[in-house]
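One-based numbering, in listed order, for ligands and for the atoms of each.
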Amino acid sequence: MRIAQTSLTPLRLDLVQPLKTSRSTYAAREGFLVRLVDEAGRVGLGEAMPLPEFGTESLADCGATLEGWLSALHGQFLGDSVRAIEDTLSPFPPAVARGDGVRIRSRQTTPEGPMPASEHALELALLDLLAQRQGVPLCWLLAEEARTEVAVNALLGAGSPEALADEARKAVAEGYGTLKLKVAGRPLEEDEQRVKAVREAVGPDVKLRLDANGGWSEPEAKRALDKLGWYGLELVEQPTPPEDLAALWRVQRRSPCMVAADESLGSPEALRALLAVDPLLGGGPAVGAVVLKPMVLGGLLPCLVVAMRAARLGMQSYVTSSLDGVVARAGATHLAAALPSGALASGLAVGRLFAHEPATHPYRPLHGHIRLPQAPGLGLSPEMVG
Ligand SMILES: O=C(O)CCC(=O)C1=CC=C[C@@H](O)[C@@H]1C(=O)O
Ligand SMILES: [Mg+2]
């Protein structure tokens, strides 16, 4: 393929109401939309929505990096293969590369260091273009047996127990079978009232997952899960701080439910330890599941590698958005469809959090699922993405 045109457009997503977690409060998200046009006028879409608190580069570094990479890519020929895309994104010079990628990294034009959000944006645009050229949905580039629909959880953002109960009832009425709510960063008694209100509102069969965003110490996590475990939890995301894997391992072994590592995957060292059979972690899987954020791990392809390695170690995986736009969520949905298992719902139903979510796009959840468009690539037209 020849990259005939490139464009980089700033993207801002205002939330309807700020989303509070134990570590951050999100009122708006800022990033970039990438467009790559091939010699036949096909448009490949990518999105960078940096999340520095999860280990990505800053917004400024992302913009500078993508400017440099798109300038290096403009007018270049690239092999029509996933291998060529991997080589283009590879941090190693072409001498090490195996396929016919394009050298985009150079000291003169781009900042140093890992740039996962930038890598995600460029990789997604190239995968979208490649899949369009091959006339297949993007997920077919990732797995031959990709699923055609993905179960997604509802993210409950309300604060009070009463408001959470109303939000939970509404989500279940819309067909969601899995609900997620933020905990930690407040007295445990308050969290217990919130979790209890949701469980009493929806009954025993709806799956309930919590996200502490690393906000509990190890003793607090054990005490919290002893108390909240009575309400039938599917899993808890990142109960303890991301850098202490041994604490995460110890909490998993006492927990009444599955522990999912999320923020820990933002550290390359911690990710390597999670995916090794580490004697420090008792030789077994450190946690029950890993949360795959393509924006944090640098794209769909690195996430797929993590998912395969995790599965070999007995860990499940699921995908979540990084509170990003339609393009990134579309790519994440194709990744979720290609994972070894779809047993755990993915966190991709965040469109309703945003004030100006595009009205017509095919990745809107329906009855708790996203059905993938059977169209080439992402199946998104430029006007769908605002
Ligand atoms: O998982 C979901 O339902 C939505 C994504 C989500 O909860 C998050 C996205 C980005 C940052 C975090 O606040 C949070 C998470 O930790 O998973
Ligand atoms: Mg999380």
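Ligand 1 places these atoms under 4.0 Å from at least one heavy atom of Asn153: 2 (C), 3 (O). Applying the 4.0 Å criterion to heavy atoms of Phe54 picks out, from ligand 1, the atoms 11 (C), 12 (C), 16 (O). Each of the following atoms of ligand 1 lies closer than 4.0 Å to a heavy atom of Tyr26: 13 (O). Close contacts of ligand 1 with Thr21, meaning ligand atoms under 4.0 Å from a residue heavy atom, involve 13 (O). Of all atoms in ligand 1, listed by their number and element, those nearer than 4.0 Å to a heavy atom of Thr320 are 1 (O). Of all atoms in ligand 1, listed by their number and element, those nearer than 4.0 Å to a heavy atom of Gly347 are 1 (O), 2 (C), 3 (O), 4 (C).
The nearest heavy-atom contact from the protein to atom 1 (O) of ligand 1 is Lys180 NZ, 2.7 Å.
For Arg199 and Glu192, the salt-bridge test fails: no basic side-chain N is under 4.0 Å from an acidic carboxylate O. Using a 4.0 Å cut-off between charged side-chain N and carboxylate O, Asp324 and Arg29 make no salt bridge.
With Gln252 contributing its side chain and Val259 its backbone, the two residues share a donor-acceptor pair below 3.5 Å. Using a distance-only test at 3.5 Å, with no hydrogens or angles considered, a donor-acceptor pair links the side chain of Thr88 to the main chain of Val102.
Proximity annotation for atom 5 (C) of ligand 1: of Ser321, Ser24, Ala349, Ser321 comes nearest, heavy atoms only. Relative to atom 12 (C) of ligand 1, the option among Arg329, Glu263, Lys182 with the closest non-hydrogen atom is Lys182. Selection from Asp211, Val296, Val152 by nearest heavy atom to atom 15 (C) of ligand 1 gives Asp211.
Hydrophobic clustering (side-chain heavy atoms under 4.5 Å, transitive across Ile, Leu, Val, Met, Phe, Trp, Tyr) groups Met1 together with Val43. Linking ILVMFWY residues whenever their side-chain heavy atoms come closer than 4.5 Å, directly or via other members, leaves Phe77 and Leu126 in distinct clusters. Hydrophobic clustering (side-chain heavy atoms under 4.5 Å, transitive across Ile, Leu, Val, Met, Phe, Trp, Tyr) groups Ile104 together with Val82.
Sorted by first then second residue, the salt bridge (Lys or Arg N to Asp or Glu O under 4.0 Å) pairs that include residues 294-316, not counting sequence neighbours, number zero. Within the structure, the side-chain hydrogen bond (donor to acceptor under 3.5 Å, both in side chains) test picks out the following pairs touching residues 127-136 (sequence neighbours left out): Asp38-Arg133, Glu39-Arg133, Asp80-Arg133, Asp128-Gln132.
Just one of Arg352, Arg364, Arg169 meets the salt bridge (charged side-chain N to carboxylate O under 4.0 Å, His left out) condition when paired with Glu174; it is Arg352.
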Can I get a per-line list of side-chain donor-acceptor pairs under 3.5 Å for residues 265-276, giving both atom names and the distance, sequence neighbours left out?
| from | atom 1 | to | atom 2 | distance (Å) |
| --- | --- | --- | --- | --- |
| Ser267 | OG | Glu269 | N | 3.4 |
| Ser267 | OG | Glu269 | OE1 | 3.3 |
| Ser267 | OG | Ala270 | N | 2.9 |

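Protein N/O/S atoms found under 2.8 Å from the Mg ion (ligand 2): Asp211 OD2, Glu237 OE1, Asp262 OD2.
At a cut-off of 3.5 Å, with distance as the only test, no side-chain donor of Thr25 or Lys20 sits close to an acceptor on the other residue.
Inclusion of Asp262 in the set of residues having an N or O under 3.5 Å from an N or O of ligand 1 is warranted. Residue Ser322 has no nitrogen or oxygen atom sitting less than 3.5 Å from a nitrogen or oxygen atom of ligand 1, judged on distance alone.
Because its NZ or CZ atom is both nearer than 6.0 Å to the ring centre of Tyr318 and within 45° of the ring axis, Arg209 counts as a cation-pi partner of that residue.
In this structure, Lys293 has a heavy atom closer than 4.0 Å to ligand 1.
Counting heavy atoms under 4.0 Å from ligand 1, residue Val350 touches it through the side chain alone. Counting heavy atoms closer than 4.0 Å to ligand 1, residue Val291 contributes nothing at all.
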